[in-house]
Amino acid sequence: MIVRTTLLTLLLFFVVSNIHAQWEPQTVINQRTIDNGYVSDADGNLDAAEIEELNLILQQTEKETGAQFAIVVLNEISDKWEIMGFGVELFKNWGIGQKETDKGLLLLIVKNTRDWRFFSGYGLEGTLPDALLNKLGHTYIVPAFQAENYGKGLIDVSNQINRILTDKNVVEASRYAMHYEPWWDTFQVILWIAWFAIMGIAFYAMQKKRKKQPKAVKAVSPFKAEKKVTDMVVLVPDKATKVKIWGNDKAAKFLSVFGMAGIVPGLASYYSDVFSNPVGNAFFGLYIYLFALSGIVQYRLNRNAKRLSPDGPSSFLTLTEANKLMVLRMIFFPIVFLPYFYFYKKKLNRLKEGKITCRQCNLDAFPVPRANYGQHLNQAEMLEIKLKSRDPRFYQCANKHLTKIMFVGKKATIFRTCQKCHTLTMSKTSETTVRAATYSASGSGEREFTCKNCSAKMIAPFVIPMKQRSSSSSGSGSSGSGGGSWGGGSTGGGGAGGKW
C-alpha cells in the first residue's frame with residue numbers, strides 16, 4: 001500500500017510539474033493586473049532588484065511617451081506554439097498599448113529554445129522599425145544572455161529603447177539604424193558576384209543548347225465537337241493549349257529573367273532614408289524586380305494566348321487557362337493588378353461574342369442575338385442558364401448552320417453534374433454528421449445532393465477536420481482592458497527576434 005501511494009505521488013508530481021513547465025498564452029501571469037508591473041517572470045529568472053529597476057524604466061517610458069512596454073521571461077512554452085504565434089496571441093490577449101494609438105511593445109524571452117523576440121504595435125512601427133529592434137536585440141540582449149546575465153541585457157535594451165522613444169525630435173532611431181556596419185560592403189559585393197555568376201551560367205546554358213529554327217505558331221481551337229442535332233453542332237470546351245511565355249524568344253527571356261534581376265544588387269548599393277541598409281534595399285529591389293517581371297509575364301501570356309487562338313471564344317478559354325496564377329499577382333501587387341483584373345475580366349467576356357468558323361461549311365459564323373436563344377434550348381438547358389451553371393453562346397453562318405457552345409457559368413462551382421440527366425444542376429440539400437470530430441481525431445459526415453432538373457439524389461462522404469482548442473479566450477486577468485491592466489492595443493506581428 002505504501003509503495004503504491006508513493007508511486008502515485010511521484011506520478012502526480014511529474015504530471016503537475018510538466019503542466020506548469022509549459023506556458024500557454026492564456027496562462028502567462030499578467031503582472032499588470034497584480035501590482036501594475038511591466039515584467040512577468042513567474043519562473044524566477046530575474047532578481048527582485050532587476051525587476052524593480054526594469055519596472056522603473058518602463059514606467060518612465062509610458063509616463064513620458066504613452067508607450068506601454070511589457071517584458072515576459074518564460075522557461076518553456078507549449079510544444080504546439082512557436083514564439084511568433086505565442087507572442088502575437090499574448091500581445092492581443094493582454095492588449096498592450098492604448099487602443100487609440102496602438103503604442104505597445106512586448107519583449108518575449110523563451111529560455112529553453114534560447115529565443116528572444118520583440119512584438120510592436122502599429123503605433124510604434126515607425127519609431128521602432130523592425131531593423132532597429134533587430135539591431136537592439138543583437139547589440140544588448142544576445143551578448144548579455146550568452147553570459148547568462150539576463151537582467152543586464154534586459155535593463156540595457158530597455159534603457160536604449162527609452163532613450164529612443166523619449167527623443168523629442170524622433171531622430172535617434174534613424175541615427176541609430178543608419179549607423180555604418182563594416183559587413184554592409186561585403187554583403188553588397190556578394191550580391192553583385194552572385195548576380196554576375198548567375199548571368200554567366202544562364203548565358204552559357206543558352207548558347208550550349210542546339211539552335212532550332214523557330215516554328216510557326218499554329219492556331220488551335222480548344223473546342224471539340226460533341227454531337228450534331230439537325231443543323232446544329234455542339235462544341236464542348238476542351239483543355240486549352242498550354243501557352244508558353246517565352247517560346248523561342250530566348251533574348252527576351254534572358255534579359256527579363258536574368259538581366260533585370262540586377263535591380264536587386266543595384267538597389268542594395270543604394271542608400272536611402274527609408275531602407276538605410278543593404279538588406280532592406282535588397283528586399284525592396286527584389287519586390288520591384290518581381291513586380292516588373294510579373295508585368296512582362298502578364299503581357300507575354302496575353303499576347304501568346306491570342307496568337308494560339310483562331311477566334312474570340314478560343315482566345316477566351318486559352319486566356320482563362322493561362323491566367324490561373326493571376327490571383328498571386330493581385331495578392332502581392334494589388335495596386336496595379338486589381339484594377340487591371342477588373343478591366344481584363346470585362347474584355348475577356350467580350351471575347352465570347354467574337355466570330356468562329358462553322359464546322360459544317362468553314363464559313364464565318366457570327367453570334368446569334370440572345371433574344372433568339374429560347375428556340376434552340378431545351379428545358380434542362382434553360383434551367384442551367386437560370387442557375388448560372390452554364391453560359392451558352394449560339395453562332396450562325398450564312399448557310400444557316402448553327403453552332404452552340406456551353407461555357408461554364410459564374411456559379412458552376414457550387415453545382416455538380418447529375419449522373420442521371422447529365423445536367424450541371426445538382427446542388428447540396430443537406431449535411432449530416434456520421435462521426436463527430438474530437439480534439440484528437442477527425443470526424444466524418446455525408447452531404448446529400450439533389451438535382452434541380454430530375455430530382456435525382458446523390459450521397460457524398462466528407463471529412464470533418466479535427467477540433468482545435470481555442471486560443472482567443474483570455475485567462476484570468478489577461479484581458480486588454482480594466483483597472484490596472486493594459487490599454488487594449490493590438491499588433492500585426494511586426495518586430496524582430498533571434499536566438500542567443
Side-chain angles (χ1 to χ4, degrees), residues 14-55 57-58 68-97 104-121 133-134 136-138 140-158 161 469-480 485-486 489 491 493 495-500:
F14 284 120
V15 169
V16 172
S17 299
N18 187 57
I19 290 174
H20 289 285
Q22 293 188 332
W23 293 94
E24 298 281 349
Q26 296 78 25
T27 61
V28 177
I29 297 173
N30 186 355
Q31 203 67 31
R32 184 88 168 188
T33 62
I34 300 173
D35 58 6
N36 209 26
Y38 297 80
V39 182
S40 177
D41 179 37
D43 293 324
N45 292 290
L46 303 174
D47 296 337
E50 292 171 336
I51 293 177
E52 183 179 358
E53 185 174 354
L54 283 169
N55 278 324
I57 297 170
L58 304 183
Q68 294 183 342
F69 183 5
I71 297 176
V72 177
V73 184
L74 304 174
N75 280 347
E76 186 177 358
I77 62 176
S78 174
D79 292 337
K80 71 179 183 181
W81 290 97
E82 291 185 358
I83 189 170
M84 182 66 184
F86 189 98
V88 170
E89 192 67 26
L90 180 62
F91 194 113
K92 292 180 178 178
N93 282 349
W94 286 7
I96 304 171
L105 183 67
L106 168 65
L107 173 56
L108 176 60
I109 309 296
V110 182
K111 281 191 66 178
N112 73 315
T113 56
R114 306 176 75 87
D115 279 310
W116 64 270
R117 183 167 182 87
F118 286 102
F119 298 86
S120 57
L133 291 174
N134 183 67
L136 289 170
H138 283 94
Y140 297 103
I141 295 176
V142 173
F145 279 31
Q146 287 176 345
E148 297 187 359
N149 198 342
Y150 305 109
K152 181 181 185 304
L154 295 176
I155 291 170
D156 287 348
V157 78
S158 298
I161 288 175
R469 297 189 184 277
S470 174
S471 58
S472 59
S473 58
S474 58
S476 175
S478 63
S479 171
S485 187
W486 304 95
T491 179
K499 292 183 180 289
W500 74 85

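When a residue number appears, it is its place in the shown sequence, counting from 1.
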Distance from L58 atom CG to E53 atom CD, nearest 0.5 Å?
10.5 Å
Atom CZ of F118 and atom CG of N134: how far apart are they, to the nearest 0.5 Å?
9.5 Å
Side chains of Q31 and S40 only: does a donor on one sit below 3.5 Å from an acceptor on the other?
no
Taking all non-hydrogen atoms of both residues, which atom of [X] and which atom of [Y] are closest, and how far apart?
X: F69; Y: S158; result: CE2-OG, 3.9 Å
X: V142; Y: K499; result: CG2-O, 3.9 Å
X: W94; Y: A70; result: CZ3-CB, 4.5 Å
X: E82; Y: I77; result: C-CD1, 4.2 Å
X: L46; Y: E50; result: CA-OE1, 3.6 Å

For the backbone of [Y] and the side chain of [X], can you confirm whether one donor and one acceptor N or O come within less than 3.5 Å of each other?
X: D43; Y: L74; result: no
X: Q22; Y: S78; result: no
X: D47; Y: A49; result: no

Pairs flagged by side chain to side chain donor-acceptor pair (under 3.5 Å) wherever residues 144-154 is involved - sequence neighbours left out
K152-D156
When you compare the side chain of [Y] with that of [X], does any pair of heavy atoms fall below 4.5 Å?
X: E89; Y: Q26; answer: yes
X: L107; Y: I161; answer: no
X: Y38; Y: L54; answer: no
X: I83; Y: T113; answer: no
X: F86; Y: F119; answer: no
X: V73; Y: W116; answer: no
X: F145; Y: I109; answer: yes
X: W81; Y: L90; answer: no

Side chain to side chain contact (heavy atoms under 4.5 Å, CB included) involving A42 - partner list, sequence neighbours excluded
W23, I29
